[in-house]
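Everything below concerns the one structure shown next.
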Amino acid sequence: MTDATMNSKPGTEIRRPTLTGERLKKRYAAERRFRLYGLGSILTAGLILVFLVGSITGTGYTAFLQTYIKLNISFDPEFLDPAGTGDVAQLASADYGGMVKKNLRDNFPEVTSRRDKRKLYNFVSPNAGFDLRTMVIDDPSLVGQSLDLWIKASDDIDMLTKGYVDRTLEESNRRVSDTELVWYDKLDSNDRIESRFNTDFFVKADSREPEEAGILGAVTGSLLTLVITLLLSFPIGVMAAIYLEEFAPKNKWTDLIEVNINNLAAVPSIVFGLLGLAMFLNFFGFPRSAPLVGGMVLALMTLPTIIIASRSALKAVPPSIREAALGLGASPLQVVTHHVLPLAMPGILTGTIIGMAQALGETAPLLMIGMIAFIVDVPGGFTDPATVLPVQIYLWADSPERAFVERTSAAIMVLLAFLIFMNILAVMLRKKFERRW
Amino acid sequence: MLRNSIIKAIPLALAGVIAVAAAAEARDQIRIVGSSTVFPFSTTVAETFGKTSGFKTPVVESTGSGGGLKLFCSGVGVQHPDITNASRRIKKSEVELCAKNGVADIVEVKIGFDGIVIGNAKSGATLNLTKQQIFLALAAEVPVDGKIVKNPYNKWSDIDKSLPDQAIEVLGPPPTSGTRDAFVELAMRPGAKSFKMLADMRKADKKGFRKISDSMREDGKFIEAGENDNLIVQKLQANPAALGIFGFSFLDQNSDKIKGANVAGVSPTFENIAGGDYGISRSLYFYVKSAHIGVVPGIQEYVTEFTSEKAIGDEGYLTDKGLIPLPGADREKYRAAAANKTNLTM
């Protein structure tokens with residue numbers, strides 16, 4: 001109570017706010033409005049998310065299906081092994097493309113003109129021959145046999161099956177001509193067209209033929225890159241944070257370091273790419289397009305995030321725990337490793353996973369070190385050329401073939417699944433390590 | 001105990017990573033960089049080559065023509081790329097840069113043509129343009145009554161009564177794109193030159209002429225839509241009043257949604273571009289470092305595959321991807337140059 005109130009009339013006469021019904025109503029209304037604003041923002045964010053995920057799933061789910069055509073394929077020895085040697089090397093180098101074309105002609109004997117033959121060859125995937133080659137090499141006894149096989153359709157036919165080709169348009173305005181439609185309908189009425197689950201999408205790497213392109217190469221590349229990033233940035237980041245938080249004296253130098261770390265966290269990622277090009281590629285001579293270099297560049301980028309998150313996690317451990325441990329005779333190292341670090345672990349892990357998720361979505365720094373590339377082989381190690389998921393999405397989004405549109409969306413779905421998996425992992429780790437004091 | 005072993009394992013893991021890096025040795029895989037326009041063709045050949053030849057599939061990077069040549073010319077040795085793709089010819093300055101860095105022997109291979117299309121949605125008006133009209137619609141400054149003034153045209157019909165009465169709105173590539181360079185060179189400059197006044201100026205003051213012919217208008221009528229041609233196609237579909245500038249392969253793949261404008265009375269079709277009748281088309285190239293042939297396995301075989309009839313011939317598999325083939329005699333010439341490792345002559 002201030003002097004003024006002491007000297008005035010007794011307390012009973014202090015003016016109180018008039019808590020009339022009207023005023024009260026206003027307060028409740030303001031409260032309700034405030035909650036509605038909050039609810040509104042959550043609903044807006046939710047709606048945008050639903051729209052985004054909905055549109056991606058809507059265009060992307062068809063990529064998980066692939067059209068196959070049942071054709072009678074005869075493994076003609078004339079193409080495969082004219083001399084009848086049964087030699088695997090001969091079988092491997094045979095003209096399977098020619099064999100597929102001959103079989104297509106045999107399946108459609110009515111096609112004679114050169115132009116129509118070309119259209120007919122476009123019915124099946126240009127890679128169909130390679131699939132047959134794998135079959136023959138696995139089982140050389142196929143030579144000379146004749147079988148009904150399901151052959152992968154080309155991207156145009158696949159688009160037709162999925163309903164992306166408008167039959168009502170003029171012939172010149174669509175990718176599939178009238179003659180092809182007639183053949184297609186004939187096949188379809190004989191149950192020789194089938195949509196199957198697109199396994200290749202998950203077990204193959206990039207290809208220029210949409211029906212052959214898969215995501216495994218990019219997923220592996222992303223995994224390898226993230227392993228390097230984690231191996232480098234986690235120990236370095238946590239050690240830096242422990243030193244700065246627990247041991248470093250508070251002076252001008254540590255202030256300067258702190259300011260710099262905060263600044264680095266805000267540096268655009270392309271700058272790290274340029275640094276990586278100058279340091280790792282040009283100075284150290286590491287290979288281009290390697291997940292090793294990609295991981296190192298991304299580690300530089302995520303370090304500040306991890307350091308900042310780890311420091312605030314360490315700061316949140318109550319000083320009483322340190323003091324109690326010291327009081328019982330623990331050395332400073334023991335205090336940190338036995339008490340502070342385990343208690344701060346959930347926070348540190350959350351920060352690390354956020355940093356990793358950020359690294360997973362980066363393309364800009366990878367441009368400089370050559371990871372924006374077309375790579376057909378699934379990378380087998382840290383120095384093999386590789387690309388990552390967001391780069392794969394970018395490359396497919398940039399391809400002219402119509403069938404890549406659905407594959408782009410499907411790749412985004414895979415990337416989102418990857419992110420959700422990482423976040424679930426983060427939640428589980430946090431639950432496991434969480435302790436109360 | 002576990003914690004201790006983890007702490008001990010970390011430096012070991014780091015040392016392991018660095019050891020692996022140091023072991024990066026000679027290369028057994030071709031490395032290709034360069035133009036994003038040639039990228040779809042180069043990758044198709046690389047994939048076929050990898051599947052049929054027994055060599056590893058080459059790694060193809062999309063860096064842009066200029067960026068690719070810069071990397072290509074940075075030296076000889078396995079850390080430098082073997083081949084670069086380009087959607088324009090190598091420049092004299094780039095040959096000099098190459099020579100300075102020890103890349104003396106370069107084999108030039110021309111693979112085909114790429115048409116640049118001015119297109120709009122199927123539902124939009126069919127346009128019949130001349131290069132002069134393109135220049136008048138898109139340049140920042142144009143000649144009116146003998147004076148150079150800021151572009152006054154707002155509608156196509158302001159330029160010529162025969163054109164539709166609709167606002168000028170053109171989506172095109174940004175200056176970093178090779179498509180933009182080619183469009184300026186093949187459409188804007190000839191369009192500017194068709195004015196006597198500017199043609200005279202070109203003789204007297206080439207820089208001044210270039211400034212007028214090469215500057216696109218910045219008042220919102222020409223919109224830079226980014227490097228992604230698919231994006232332009234989507235925007236055209238949504239807005240039938242807009243026109244877009246993009247590569248022929250995108251028209252080829254999306255012929256149900258968009259159509260190309262005639263330029264000087266010629267429509268952008270495969271036959272017209274191949275025959276040289278369509279005015280806005282450019283040549284595509286790739287360059288091979290002779291010093292790497294025989295060092296990195298498979299280069300000669302890759303080049304043979306790329307120049308073969310079954311790839312770039314009239315009915316080769318690259319024509320399915322939108323490449324427009326060279327005349328037969330030219331194909332012969334470049335095939336021979338590639339086989340004999342003939343040096344580039346400017």
Side-chain angles (χ1 to χ4, degrees), chain A residues 92-93 97 114 118 122 126-127 130 133 165-166 169 172-175 206-209 212 228 231-232 234-236 280-282 284-290 292-293 295-296 337-338 342 367 370-377 381-385 394-395 397-402 404-405 408, chain B residues 3-4 7 10-11 13-14 16-17 20-24 27 29 31-33 36 39-48 50-52 54 56-63 71 74 78-79 81 122 227-231 233 247 249-250 252-257 259 310 315 317 320-322:
Chain A
S93 63
R114 190 168 158 69
R118 257 178 82 74
N122 277 339
N127 282 316
F130 298 115
R133 184 174 87 152
V165 175
D166 186 352
L169 286 172
S172 63
N173 295 347
R174 45 181 148 78
R175 295 275 304 164
D206 201 3
S207 167
R208 284 298 308 153
E209 304 302 333
E212 277 289 305
I228 295 284
L231 276 182
L232 286 174
F234 185 69
I236 298 178
F280 301 136
L281 295 191
N282 294 348
F284 288 122
F286 287 172
R288 262 179 93 79
S289 317
L292 172 73
V293 182
M296 282 154 80
T337 53
H338 295 178
L367 178 71
M371 287 184 84
I372 314 262
F374 173 77
I375 290 153
V376 177
D377 305 317
F382 291 109
T383 50
D384 283 357
Y394 167 77
L395 287 177
D398 219 18
S399 302
E401 286 84 0
R402 183 76 64 78
F404 273 122
V405 174
T408 308
Chain B
R3 191 180 301 125
N4 268 340
I7 286 171
I10 289 169
L14 288 181
V17 163
V20 169
R27 200 146 50 77
Q29 192 168 26
R31 304 218 54 141
I32 302 166
V33 293
S36 54
F39 182 78
F41 309 129
S42 180
T43 45
T44 309
V45 175
E47 192 179 344
T48 316
K51 285 198 170 137
T52 53
K56 274 194 174 177
T57 308
V59 173
V60 189
E61 279 181 54
S62 167
T63 61
L71 285 168
S74 55
V78 288
Q79 70 272 36
K122 275 266 139 145
E227 296 261 14
N228 188 329
D229 285 0
N230 266 336
L231 202 70
V233 169
S249 45
F250 287 83
D252 193 34
Q253 287 282 338
N254 295 289
S255 53
D256 56 337
K257 296 177 180 166
K259 59 184 173 189
K310 72 173 171 150
E315 294 194 342
Y317 56 76
D320 294 337
K321 295 278 165 202

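Below, read A as the first sequence line, B as the second, and so on, with proteins coming before strands; counting in each chain starts at 1. Just so it is clear, the structure is predicted and the values come from calculations on it, not from any experiment. Hydrogens, waters and symmetry mates are skipped; everything else that's a heavy atom, side chains included, is used.
Side-chain atoms of B:Glu47 and A:Phe374, non-hydrogen and from C-beta on, do get closer than 4.5 Å to each other. Side-chain contact between B:Thr52 and A:Phe130: present, with at least one pair of heavy atoms (C-beta onward) separated by less than 4.5 Å. Taking 4.5 Å as the limit, every side-chain heavy atom of A:Ile372 sits out of range of all side-chain heavy atoms of B:Glu61. In this structure the side chain of A:Arg174 never reaches within 4.5 angstrom of the side chain of B:Ser255, judged on heavy atoms. At a threshold of 4.5 Å between non-hydrogen side-chain atoms, the residues A:Arg175 and B:Asp252 count as touching.
No part of A:Leu281 comes within reach of chain B, as not one of its non-hydrogen atoms sits under 4.5 angstrom from that chain. For chain A, the nearby part of B:Leu71 is the side chain; its heavy atoms alone come within less than 4.5 Å. Both the backbone and the side chain of A:Glu209 come within contact range of chain B, each with at least one heavy atom under 4.5 Å from a heavy atom of that chain. A:Ser399 touches chain B through its backbone: at least one of N, CA, C or O sits under 4.5 Å from a heavy atom, while the side chain does not. Heavy-atom distances place no part of B:Lys259 under 4.5 Å from chain A, backbone and side chain included. Only the backbone of B:Pro58 comes within contact range of chain A, with at least one heavy atom under 4.5 Å from a heavy atom of that chain. Residue A:Ala290: no heavy atom, backbone or side chain, is found under 4.5 Å from chain B. Of the atoms belonging to B:Gln29, it is side-chain heavy atoms, and not backbone ones, that fall under 4.5 Å from chain A. With a 4.5 angstrom heavy-atom cutoff, A:Asn282 does not touch chain B via any of its atoms.
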>> Determine whether A:Asn127 and B:Lys51 satisfy the following criterion, side-chain contact (heavy atoms from CB on, under 4.5 Å), listing intermediate values before the conclusion.
In response: CA-CA 9 Å; A:Asn127 282 316; B:Lys51 285 198 170 137; 3.3 Å; yes
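Residues passing the side-chain contact (heavy atoms from CB on, under 4.5 Å) test with B:Gln79, sequence neighbours excluded: none. When the ring-ring contact (aromatic ring centres under 6.0 Å, His included) test is applied to A:Phe404, the partners found at least two apart in sequence or on another chain are A:Trp396.
The greatest number of non-hydrogen atom pairs below 4.5 Å with chain A, out of B:Thr43, B:Thr48, B:Thr57, B:Leu231, is found for B:Thr43. Residue with the most contacts toward chain B among A:Glu401, A:Arg118, A:Glu212: A:Arg118 (heavy-atom pairs, distance under 4.5 Å).
A salt bridge does not link A:Arg208 with B:Asp320: every distance from a Lys NZ or Arg NE/NH1/NH2 to an Asp or Glu carboxylate oxygen is 4.0 Å or more. No salt bridge links B:Lys257 with A:Asp166; every basic N to acidic carboxylate O contact stays at or beyond 4.0 Å.
In this model, a donor atom of one side chain and an acceptor atom of the other lie less than 3.5 Å apart for A:Ser289 and B:Arg31.
The minimum heavy-atom distance linking A:Asp398 with B:Phe250 is given by the pair O-CZ, 3.7 Å.
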